[in-house]
Amino acid sequence: MQNSQKYAAELIGTFWLTFGGCGSAVLAAAFPELGIGFMGVSLAFGLTVLTMAYAIGHVSGCHLNPAVTVGLAAGGRFPTSQILPYVVAQVLGAILGALVLYVIASGAPGFDAAASGFASNGYGEHSPGGYSMGAAFVAEVVLTAFFLFIIMGATHGRAPVGFAPIAIGLGLVLIHLISIPITNTSVNPARSTGPALFAGGWALGQLWMFWVAPLIGGAAGGILYRWLSPQPEEPVVGGIRSPG
């Protein structure tokens with residue numbers, strides 16, 4: 001598998017995650033009478049990962065998330081030399097996904113990305129539930145750590161074959177059900193970056209936390225699972241039976 005194909009797969013997959021997940025929040029969550037609400041948005045994010053895991057897991061490992069890439073490297077399941085190009089591809093994919101979403105959303109009368117928040121992540125007065133920066137930071141660290149724990153376990157050589165995408169997708173659904181009220185749920189710096197660039201203002205000012213906390217949590221989750229199950233496994237980098 002050529003590296004360029006892996007990077008392209010990560011870009012496409014992260015595009016889908018950002019467009020699909022954030023799109024559900026921007027376009028459908030509060031739609032009059034038929035809005036999908038928190039439950040629908042949570043399912044949308046989980047479904048983007050589940051569908052892409054089956055589509056590109058064999059190509060790139062389907063990380064779609066800088067925190068996952070860093071966490072897998074910390075857990076000994078991904079080469080550190082590939083962290084930067086994977087992260088660059090993921091961020092570009094998220095920006096493109098947010099751009100297409102912005103173009104579509106702008107077709108509605110009165111749409112304003114800054115005023116709506118454009119599915120950006122936030123804390124304090126920009127948290128859906130008004131949660132403090134400290135509470136938001138802890139939530140993002142803990143939930144990202146458990147996301148990595150799920151990924152490491154689901155892609156383990158002794159895990160049931162073919163079910164990793166389901167476990168990982170449902171894990172992300174659960175994470176969103178817990179934390180949409182807290183931060184609008186990041187656990188993914190790329191997903192946070194795309195919408196923040198279009199919302200601007202406070203979203204860019206608070207973006208730092210949605211890089212720092214998920215990266216800490218991802219590394220912690222990877223290290224914890226590596227300690228729990230230290231036997232060597234294949235790297236989650238494409239060309240394997242179970243995507244990450």
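All values below come from the heavy atoms of this structure, side chains included, with hydrogens, waters and symmetry mates left out.
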Could you state whether [X] and [Y] fall into the same hydrophobic cluster, counting links through intermediate Ile, Leu, Val, Met, Phe, Trp or Tyr residues with side-chain heavy atoms under 4.5 angstrom apart?
X	Y	result
Trp227	Ile223	no
Met52	Ile95	yes
Val68	Val87	yes
Val91	Leu101	yes
Tyr102	Phe31	no

Give me the atom names and distance for the closest heavy-atom approach of [X] to [Y].
X	Y	answer
Gly222	Met152	O-CE, 3.8 Å
His63	Thr69	ND1-OG1, 2.9 Å
Cys62	Gly57	CB-CA, 3.9 Å
Pro66	Pro189	CD-CD, 4.0 Å
Ile83	Ala73	CD1-CB, 3.7 Å

Taking the side chain as every heavy atom from C-beta outward, state whether [X] and [Y] have any pair of such atoms under 4.5 Å apart.
X	Y	result
Arg77	Ile151	no
Ile175	Phe146	no
Leu174	Ile178	yes
Leu96	Thr18	no
Ile12	Ile56	no
Asn184	His126	no

Can you classify the ring geometry of Phe19 versus Phe15 as parallel (below 30°), tilted (30 to 60°) or perpendicular (above 60°)?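 Ring orientation of Phe19 relative to Phe15: parallel.
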Rounded to the nearest 0.5 Å, how far apart are [atom1] of [X] and [atom2] of [Y]?
X	Y	atom1	atom2	value
Ser24	Leu47	OG	CG	9.5 Å
Leu17	Thr51	CG	OG1	9.0 Å
Arg226	Leu148	CZ	CG	13.0 Å
Tyr86	Ser81	OH	OG	10.5 Å
Thr185	Phe45	OG1	CZ	7.5 Å
Thr14	Leu92	OG1	CG	9.5 Å

For Asn65, enumerate each residue passing the side chain to side chain donor-acceptor pair (under 3.5 Å) test, keeping only those at least two apart in sequence or located in another chain.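 Side chain to side chain donor-acceptor pair (under 3.5 Å) list for Asn65, sorted by chain: empty.
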Could you go through residues 129-142 and list every donor-acceptor pair under 3.5 Å that involves a side-chain atom there, pairing it with any protein atom two or more places apart or in another chain?
residue, atom, partner, partner atom, Å
Ser132, OG, Ala135, N, 3.2
Glu140, OE1, Val187, N, 2.7
Glu140, OE2, Thr183, OG1, 2.6
Glu140, OE2, Ser186, N, 3.1

Donor-acceptor list for residues 159-172 side chains, cut-off 3.5 Å, not counting sequence neighbours:
none

Say whether Gln82 and Tyr7, considering side chains only, have a donor N or O and an acceptor N or O under 3.5 Å apart.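 Distance-only check passes for Gln82 and Tyr7.
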Side-chain donor or acceptor of Glu10 paired with backbone N/O of Leu64 under 3.5 Å: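 Such a contact is found between Glu10 side chain and Leu64 backbone.
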Do side-chain atoms of Ser120 reach the backbone of Gly117 as a donor and acceptor pair under 3.5 angstrom? yes
Table please: side-chain donor-acceptor pairs of residues 108-115 below 3.5 Å, with sequence neighbours left out.
residue, atom, partner, partner atom, Å
Asp112, OD1, Ala114, N, 2.9
Asp112, OD1, Ala115, N, 3.1

Determine all donor-acceptor pairs shorter than 3.5 Å in which one atom belongs to a side chain in residues 34-43; sequence neighbours excluded.
residue, atom, partner, partner atom, Å
Ser42, OG, Phe38, O, 2.8
Ser42, OG, Leu177, N, 3.4

Can you list, pair by pair, the side-chain donor-acceptor contacts under 3.5 Å of residues 194-221, counting residues two or more places apart and other chains?
residue, atom, partner, partner atom, Å
Gln206, OE1, Tyr123, N, 2.8
Gln206, NE2, Tyr123, O, 3.2
Trp208, NE1, Tyr123, OH, 3.2
Trp211, NE1, Thr193, OG1, 2.9

